[in-house]
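Taking it in order: structure first as structure tokens, then the write-up.
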Protein chains: 2
Amino acid sequence: MADIARMAGVSLSTVSRSLSGSSLIPETTRQRITELARSLNYQVNIGAANLRKRDIQTVGVVILGDSMQTISDPFILNILGAVADALDERGMSLLLTRLNPQRQEQMAAMFDSGQVAGLIVIGQLTWHDYLNELARRGVPMAVWGACLSDAYYPVVGGDNATGGYLATRHLLQQGARRIAFFGDISHPEAALRHQGYARALAEAGLTPDPRLHQSFLFGDRRIRQVIDMWLDQGLDFDAIFASADIAAISLIGALNERGLEVPHRVRVVGYDDIALSAYLHPSLTSIRQPTAVAGRALVELLFEAIAGLPRRSVMLPAELVVRDSSA
Amino acid sequence: MADIARMAGVSLSTVSRSLSGSSLIPETTRQRITELARSLNYQVNIGAANLRKRDIQTVGVVILGDSMQTISDPFILNILGAVADALDERGMSLLLTRLNPQRQEQMAAMFDSGQVAGLIVIGQLTWHDYLNELARRGVPMAVWGACLSDAYYPVVGGDNATGGYLATRHLLQQGARRIAFFGDISHPEAALRHQGYARALAEAGLTPDPRLHQSFLFGDRRIRQVIDMWLDQGLDFDAIFASADIAAISLIGALNERGLEVPHRVRVVGYDDIALSAYLHPSLTSIRQPTAVAGRALVELLFEAIAGLPRRSVMLPAELVVRDSSA
DNA sequence: CTGAAAGCGCTAACAC
DNA sequence: GTGTTAGCGCTTTCAG
């Protein structure tokens with residue numbers, strides 16, 4: 001910037017003002033400086049500017065992980081994409097971090113070290129208490145997850161109870177009676193989906209069979225093992241509601257392998273409606289969650305938190321998308 | 001930091017030195033300061049430190065997009081994950097940006113504005129010339145893509161020619177004779193895969209039929225239209241080699257819809273070996289690319305570029321993974 | 001309208 | 001070992 005000032009024959013202040021679009025600077029000077037900057041590939045040093053302005057143009061996005069493995073749920077990554085777009089629209093940068101439970105503290109560090117103005121957390125999992133703690137400490141954030149009543153942080157999430165209800169009622173309407181549930185109910189989102197599942201069953205005069213409830217959601221190998229186990233035990237089931245499409249996909253693979261045709265022998269409904277679901281064979285019935293809206297809402301809520309506005313949460317509708325796997 | 005200095009009864013320098021682990025500071029003082037920092041949730045302001053140290057702890061990761069749509073190829077996101085891990089190991093932060101061709105300049109801006117020490121670009125597509133231009137300008141970077149001979153930037157990529165060859169030879173060995181190719185050969189990666197495809201055909205005494213070459217890779221709707229078109233024209237084909245698993249998956253869906261069973265009527269091989277491919281029905285034969293190694297290599301090459309070391313490129317092996325779709 | 005000067009939070013000479 | 005000081009690149013009063 002000093003170079004430009006010298007070359008343009010003006011002071012630092014003038015260049016600074018000019019480049020930041022101050023209306024005090026006459027068009028001609030402004031043009032000259034802009035031109036000079038372009039030809040030098042000069043861009044204002046954002047870090048230094050922020051230091052002086054005491055504001056940060058970056059938001060931390062944290063993807064929470066369950067296992068040590070790379071997260072690859074397309075749904076999560078869809079939300080990430082939506083958040084990236086929404087942040088982009090506001091001219092904010094996105095600092096990405098993936099965290100597993102062993103490194104909780106790193107989450108706060110991003111904020112405490114002045115790297116980011118706030119945090120968007122994707123995947124609430126079992127971090128509820130820690131997130132509450134951070135929020136109490138005044139770390140601005142917005143979380144994708146279940147809208148827990150005792151959450152001290154703003155949440156954007158789907159209507160998981162309704163989603164679970166819709167999925168299960170649909171299966172019942174298709175004639176299913178012995179519906180298994182796949183999902184880790186230690187995660188609030190899955191727990192709510194399970195509530196909806198139970199409610200739909202109750203309405204049909206049925207009660208959930210605990211033997212048909214499986215907590216292992218991630219890890220396709222384990223999903224296959226469960227199917228094997230059920231079949232070997234002669235357990236009776238004619239439908240499965242899986243709390244994530246990626247689990248449903250593994251399930252369908254395992255069922256096919258054991259000769260149980262989907263949907264004729266076993267109907268399957270997933271959750272999230274990831275892009276691939278429509279192109280599977282059979283295509284997968286699922287509960288759609290509006291990820292684009294979610295991304296926008298997360299960013300909006302985070303900005304409200306940063307601005308010190310009262311915390312609020314957003315619950316997005318869940319929509320049943322019927323395809324072949326439940327026909 | 002000033003607070004801590006005052007509370008600890010020492011000078012700013014002592015706190016700074018202590019927190020950055022200088023061996024000059026005695027254990028006892030160091031302990032006291034560390035303790036104080038922890039209790040105040042204090043973390044050194046990275047931006048200010050970097051400004052002073054004139055070094056940046058952040059790397060920009062750019063995901064290049066073809067269309068205006070959110071990118072959601074799991075393979076790309078796998079590499080992103082691997083890069084994130086590798087960066088993490090080195091204590092670097094990851095600034096994520098998604099760019100489409102309309103906003104090329106933003107890529108340089110990340111570096112010029114001092115936000116990042118260098119760029120990792122995922123998805124070379126048709127950006128080759130622009131990437132070369134940046135590299136010439138001295139922007140440190142590393143690119144996932146095809147190892148082009150006239151690339152002025154370091155590249156990490158799979159052995160696309162061999163991958164294409166392996167896929168096609170495998171199909172030929174399975175008895176296929178009329179093998180279609182799906183992939184946009186304006187992208188260097190796909191072009192190399194097509195070369196391998198042509199070579200395998202040549203070895204079998206066959207020549208590629210241009211009518212069986214389809215450039216549309218993204219957009220499942222278009223893929224279906226192509227299948228419809230081929231069938232309506234009575235075009236003869238008994239196998240398809242698709243330059244991406246996500247395309248192969250759409251293809252299989254479209255084929256099934258038209259009653260062409262995979263693999264009995266049409267064999268299919270994809271590329272990338274995304275996680276889902278193993279769990280499809282039929283499971284998808286594909287060419288595996290080692291994403292974890294790729295992530296590590298990209299980071300390594302970027303650091304070499306930043307350090308001013310001579311540019312080099314890394315070509316990773318392509319491995320055929322045989323599954324049901326080509327049986 | 002424009003320039004001089006102070007200072008954002010931190011580190012690194014350079015003294016003591 | 002420790003403190004003092006200058007200054008990283010920028011913005012913003014405050015004078016002119």
Side-chain angles (χ1 to χ4, degrees), chain A residues 1-34 36-38 40-58 91 93 95 108-117 306, chain B residues 1-34 36-38 40-58 91 93 95 108-117 306:
Chain A
M1 185 149 149
D3 295 344
I4 297 191
R6 203 177 324 109
M7 293 170 77
V10 293
S11 76
L12 268 169
S13 329
T14 304
V15 178
S16 172
R17 278 192 269 254
S18 179
L19 257 24
S20 60
S22 158
S23 53
L24 293 174
I25 310 294
E27 250 324 295
T28 56
T29 325
R30 162 107 89 314
Q31 294 257 306
R32 191 155 39 100
I33 292 174
T34 309
L36 221 40
R38 192 197 311 285
L40 296 176
N41 288 319
Y42 173 82
Q43 296 272 134
V44 173
N45 184 310
I46 297 187
N50 285 343
L51 178 58
R52 175 59 228 244
K53 287 194 292 197
R54 320 173 109 268
D55 110 303
I56 312 174
Q57 295 284 17
T58 304
S93 299
L95 203 65
M110 283 175 77
F111 174 76
D112 292 332
S113 67
Q115 276 189 108
V116 301
I306 292 173
Chain B
M1 184 148 149
D3 295 344
I4 297 190
R6 202 177 324 108
M7 293 170 77
V10 292
S11 75
L12 267 168
S13 332
T14 305
V15 178
S16 173
R17 279 193 269 256
S18 179
L19 256 25
S20 60
S22 157
S23 53
L24 292 174
I25 310 293
E27 253 322 298
T28 56
T29 325
R30 172 128 43 344
Q31 293 258 306
R32 192 154 39 100
I33 291 174
T34 310
L36 221 39
R38 190 196 314 284
L40 295 176
N41 287 319
Y42 173 83
Q43 297 271 135
V44 173
N45 183 311
I46 297 186
N50 286 343
L51 179 58
R52 175 62 231 242
K53 286 193 294 196
R54 320 173 109 268
D55 112 300
I56 312 173
Q57 296 285 14
T58 304
S93 298
L95 203 64
M110 283 176 76
F111 174 76
D112 292 331
S113 66
Q115 275 188 107
V116 301
I306 293 174

Just how far, in rounded Å, is [atom2] of [N] from [atom1] of [X]?
X: Arg6(A); N: dT2(C); atom1: CZ; atom2: P; value: 19 Å
X: Leu19(A); N: dG9(D); atom1: CG; atom2: P; value: 16 Å
X: Asn50(B); N: dT11(C); atom1: CG; atom2: P; value: 9 Å
X: Arg30(A); N: dC1(C); atom1: CZ; atom2: C1'; value: 13 Å
X: Gln115(B); N: dG9(D); atom1: CD; atom2: C1'; value: 15 Å
X: Leu51(A); N: dC8(C); atom1: CG; atom2: P; value: 9 Å
X: Arg54(A); N: dA6(C); atom1: CZ; atom2: C1'; value: 14 Å
X: Ile4(B); N: dG9(C); atom1: CD1; atom2: C1'; value: 12 Å

### Task
Would you kindly compare Ser23(B) and Lys53(A) by the position of their nearest DNA chain D nucleotide and give the one closer to the 5′ end?
Ser23(B)
### Message
Reading DNA chain D from 5' onward, which residue's closest nucleotide shows up sooner: Asn45(A) or Ser13(B)?
### Response
Ser13(B)
Roughly how far, to the nearest 0.5 Å, is [atom2] of [Y] from [atom1] of [X]?
X: Ser113(A); Y: Ile46(B); atom1: OG; atom2: CD1; value: 3.5 Å
X: Thr14(A); Y: Ile4(A); atom1: OG1; atom2: CD1; value: 12.5 Å
X: Thr34(A); Y: Glu27(A); atom1: OG1; atom2: CD; value: 8.0 Å

### Message
Does Ile25(A) reach a base, just sugar-phosphate, or nothing at all? Heavy atoms under 4.0 Å.
### Response
sugar-phosphate
### Message
Using only modelled atom types and a 3.5 angstrom limit, is any donor from either the side chain of Arg17(A) or the base of dG3(C) paired with an acceptor on the other?
### Response
yes
### Query
Between Ser13(B) and Ser16(B), do the side chains contain an N or O donor and an N or O acceptor separated by less than 3.5 Å?
no
### Task
For Gly9(A) and for Val44(B), find the nucleotide of DNA chain C with the closest heavy atom, then tell me which residue's nucleotide is more 5'.
Gly9(A)
### Message
Measuring from the side chain of Arg52(A) (C-beta onward, heavy atoms only), which nucleotide among dG7(C), dT2(C), dC10(C) has the closest atom?
### Response
dG7(C)
### Task
Please tell me which of the listed nucleotides, dT2(D), dC8(C), dT11(C), lies nearest to the side chain of Leu24(B)?
dT2(D)
### Message
If you compare every side-chain N and O of Ser16(B) against the phosphate oxygens of dT11(C) (OP1, OP2), does one of them come in below 4.0 Å?
### Response
yes
### Query
Phosphate oxygens OP1/OP2 of dC10(D): is one of them under 4.0 Å from a side-chain N or O of Tyr42(A)?
yes
### Task
Keeping the roles fixed (side chain from Arg17(B), backbone from Ser22(B)), state whether a donor-acceptor pair exists under 3.5 Å.
no
